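Structure first, then comments.
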Amino acid sequence: AAQKVPHWTGIRTWMQRFGVAAIEAPIEEADDWIWMADHSVQIGPEKALLVLGIRASKMPELGTPLKHEDVRTLVVQPGAKWKQEDTAAAYEALAQRAGPPRAVLIDGAADLRGGAEVLKKQCPDTVVLSDFKHRAANILKSVLGKDERFIEFNTQLGRTRSAIQQTELAHLAPPSKKVKARFMNLAGMLVWATMVLWHLEHPESYTRQSITRERFEEKLGWFREYDQDVVVWQECQQVVSAGVTFVNEQGLFHGAADQLQQIIATKLTTAKGREVADQLVNFFRESESLQKDSERLPMITEIVESTFALYKQLERQHSKGGFTSLLPTLAALQVPTTPETIRQAFARVSVKDVKRWVANNLG
């Protein structure tokens, strides 16, 4: 028989109950937990700390990236301030629930790293690992960030965006500049630059049919001065992209640095490309030295970023505002939803429990 579709408020409440159940579920005791931590930032002073966990013994097979169902949510905790001592307190509380972790994987944020170093002093067997993607972005910044040609190119890029975005060349406008994470978003700009250079050499292209040759040259002809520079920057980005793919699929293990070197450091033709490759391999070799012989650990926090992205999809337009009582649903995004998991969650968590969680964490 046909049934009415539940009201959206009912569905929201179910998601909240399922999320709180996931956050508060008992954690399996083991000595090989790996924590992956990051902050989600929205409008206002608050940040939400998210810690995902996976046991080293349950890493997916080689060649397979982490999936949402491979990890579980260990912490969802909003806070108006996150200094080293605040993060350390959150880590300590989690260690009391789950035992000391084998590893904590974080990006370069000072509070996240500082809190992990405090935990390491209390738990000597815990290692602190840095996220490969963020380190790669820092290496790109060190290699390209002071390159005068790269600085000049970006300055001219901003002028071009302003000059063409409300003209017949608007469809050729460069991607919006990412001020905070520019070197993590370099690939899109380089793809765009390659496209413009191609169109400069192919005046018969469909894209140029409504644009006069003189107009195209006036606004975009300056790109020709940087055609060889773009080749260099592309090689640097290709090294990073190949490294990110390797780390996503293989993780960190003894011998991984040598394999990474074979993948990213061969057939390079530019000095900057070789410099980026050498720094990435050295970073991987340093991380490898922290491992036990037979161990394999994750080395990238993309699964955390992906979880935040799923949550923002759930929030829709409200992702532009501050955190709301929808926050516990973030944990629900990791748990496979079967009739049995839903039944078990609802048996443990009531609407009253959701209100308690919201009051304690969001006020």
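It should be emphasised that the depicted structure is a prediction, and the values quoted were computed from it without experimental measurement. For the numbers below, each heavy atom of this structure counts, side chains included, while hydrogens, waters and symmetry mates do not. By convention here, the first residue in the shown sequence is residue 1.
Annotation: the span from L119 atom CG to T87 atom OG1 amounts to 11.5 Å, rounded to 0.5 Å. Rounding to the nearest 0.5 Å gives a distance of 11.5 Å between NZ of K141 and CZ of F150. For the atom pair CG of L327 and CD of E46, the computed distance is 8.5 Å after rounding to the nearest 0.5 Å. A distance of 13.5 Å separates CZ of R149 from CG of L144, quoted to the nearest 0.5 Å. The distance from atom CD of E305 to atom NE2 of H134, rounded to the nearest 0.5 Å, is 5.5 Å. Taking CD of Q259 as the reference point, atom CZ of F284 lies at 9.5 Å (rounded to 0.5 Å).
Between the side chain of E295 and the backbone N or O of A56 there is no donor-acceptor pair closer than 3.5 Å. Formation of a donor-acceptor pair under 3.5 Å by the W357 side chain with backbone atoms of L362 is not found in this model. A donor-acceptor pair under 3.5 Å links the side-chain atoms of W82 to the main chain of K47, judged by distance alone. The main-chain N or O of P203 is never found under 3.5 Å from a side-chain atom of R213 such that the two would form a donor-acceptor pair. Under the 3.5 Å distance criterion, the side-chain polar atoms of T338 are matched with a main-chain donor or acceptor of T341. Formation of a donor-acceptor pair under 3.5 Å by the Q209 side chain with backbone atoms of E204 is found in this model. Judged purely by atom type and a 3.5 angstrom limit, S40 has no side-chain atom pairing as donor or acceptor with the backbone of A48. At least one donor-acceptor pair under 3.5 Å links the side chain of R296 to the backbone N or O of P60. Checked by atom type and distance alone, the side chain of S306 never pairs as donor or acceptor with a backbone atom of E302 at under 3.5 Å. At distances below 3.5 Å, at least one donor-acceptor pair connects side-chain atoms of H254 with backbone N or O atoms of Q291.
Applying the 6.0 Å contact sphere to CD of Q166 captures no more than 12 heavy atoms from other residues, nucleotides or ligands. Atom CD of E148 sits in a sparse spot, with 12 or fewer heavy atoms from other residues, nucleotides or ligands closer than 6.0 Å. No more than 12 heavy atoms of other residues, nucleotides or ligands shown are found within 6.0 angstrom of CD on E29. Counted within 6.0 Å of CD on E61, heavy atoms from surrounding residues, nucleotides or ligands total 12 or fewer; the atom is thus considered open.
Note on ring orientation: taking the six-membered ring where Trp is involved, the planes of W222 and Y226 are perpendicular (angle over 60°, cut-offs 30° and 60°). Between F253 and F246, the ring planes are tilted. Angles from 30° to 60° get that label. The aromatic rings of Y91 and W35 sit tilted, their planes meeting at an angle between 30° and 60°.
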Inset, instruction - Before giving the answer on side-chain contact (heavy atoms from CB on, under 4.5 Å), spell out for I342 and F18 the whole-Å C-alpha distance, their side-chain angles and the decisive distance to 0.1 Å. - result: CA-CA 7 Å; I342 294 171; F18 197 66; 4.0 Å; yes
Inset, instruction - Evaluate the criterion side-chain contact (heavy atoms from CB on, under 4.5 Å) for residue pair L62 and Q250; output intermediate values, then yes/no. - result: CA-CA 5 Å; L62 284 169; Q250 309 298 327; 3.2 Å; yes
Inset, instruction - Run the numbers on L157 and F223 for side-chain contact (heavy atoms from CB on, under 4.5 Å), then give the verdict. - result: CA-CA 9 Å; L157 210 61; F223 262 80; 4.0 Å; yes
Legend entry - Test side-chain contact (heavy atoms from CB on, under 4.5 Å) applied to R356 and D353, step by step: CA-CA 5 Å; R356 169 188 51 78; D353 294 322; 3.7 Å; yes
Legend entry - salt bridge (charged side-chain N to carboxylate O under 4.0 Å, His left out) assessment of E275 paired with K272: CA-CA 5 Å; E275 184 178 356; K272 283 185 169 61; over 6 Å; no
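By the 4.5 Å heavy-atom criterion applied to side chains, T207 and F216 are not counted as neighbours. Looking at heavy atoms from C-beta onward, P328 lies in side-chain contact with I23 at the 4.5 angstrom threshold. The closest side-chain heavy-atom distance from T167 to R215 is below 4.5 Å.
We find that R224 and D227 are not joined by a salt bridge, their nearest charged nitrogen and carboxylate oxygen being 4.0 Å or further apart. Look at E117 and R113 and you find a salt bridge, because one of the NZ, NE, NH1 or NH2 atoms lies within 4.0 Å of a carboxylate O, short of that distance.
In this structure, a donor-acceptor pair under 3.5 Å is absent between the side chains of Q156 and E152. The closest side-chain donor-acceptor pair between Q237 and S241 falls under 3.5 angstrom.
Note: the hydrophobic cluster containing V304 does not contain L49 (ILVMFWY, side chain heavy atoms under 4.5 Å, direct or indirect links). The same ILVMFWY cluster, assembled from side-chain heavy atoms under 4.5 Å apart, contains both L186 and L197.
The side chain to side chain contact (heavy atoms under 4.5 Å, CB included) test with T307 is passed by exactly one of T73, T301, L52, V71: L52. Of the options N248, L252, L66, D107, a side chain to side chain contact (heavy atoms under 4.5 Å, CB included) to I300 is made by N248 and by none of the others. Of the residues D31, D32, D70, the one that meets the salt bridge (Lys or Arg N to Asp or Glu O under 4.0 Å) test with R55 is D32. Considering V240, V230, T269 as possible partners of E235, the one that fulfils the side chain to side chain contact (heavy atoms under 4.5 Å, CB included) test is T269. Only one option out of R102, R72, K58 pairs with W33 in a side chain to side chain contact (heavy atoms under 4.5 Å, CB included); it is R72.
Judged by the 6.0 Å and 45° rule, R17 forms a cation-pi pair with F346.
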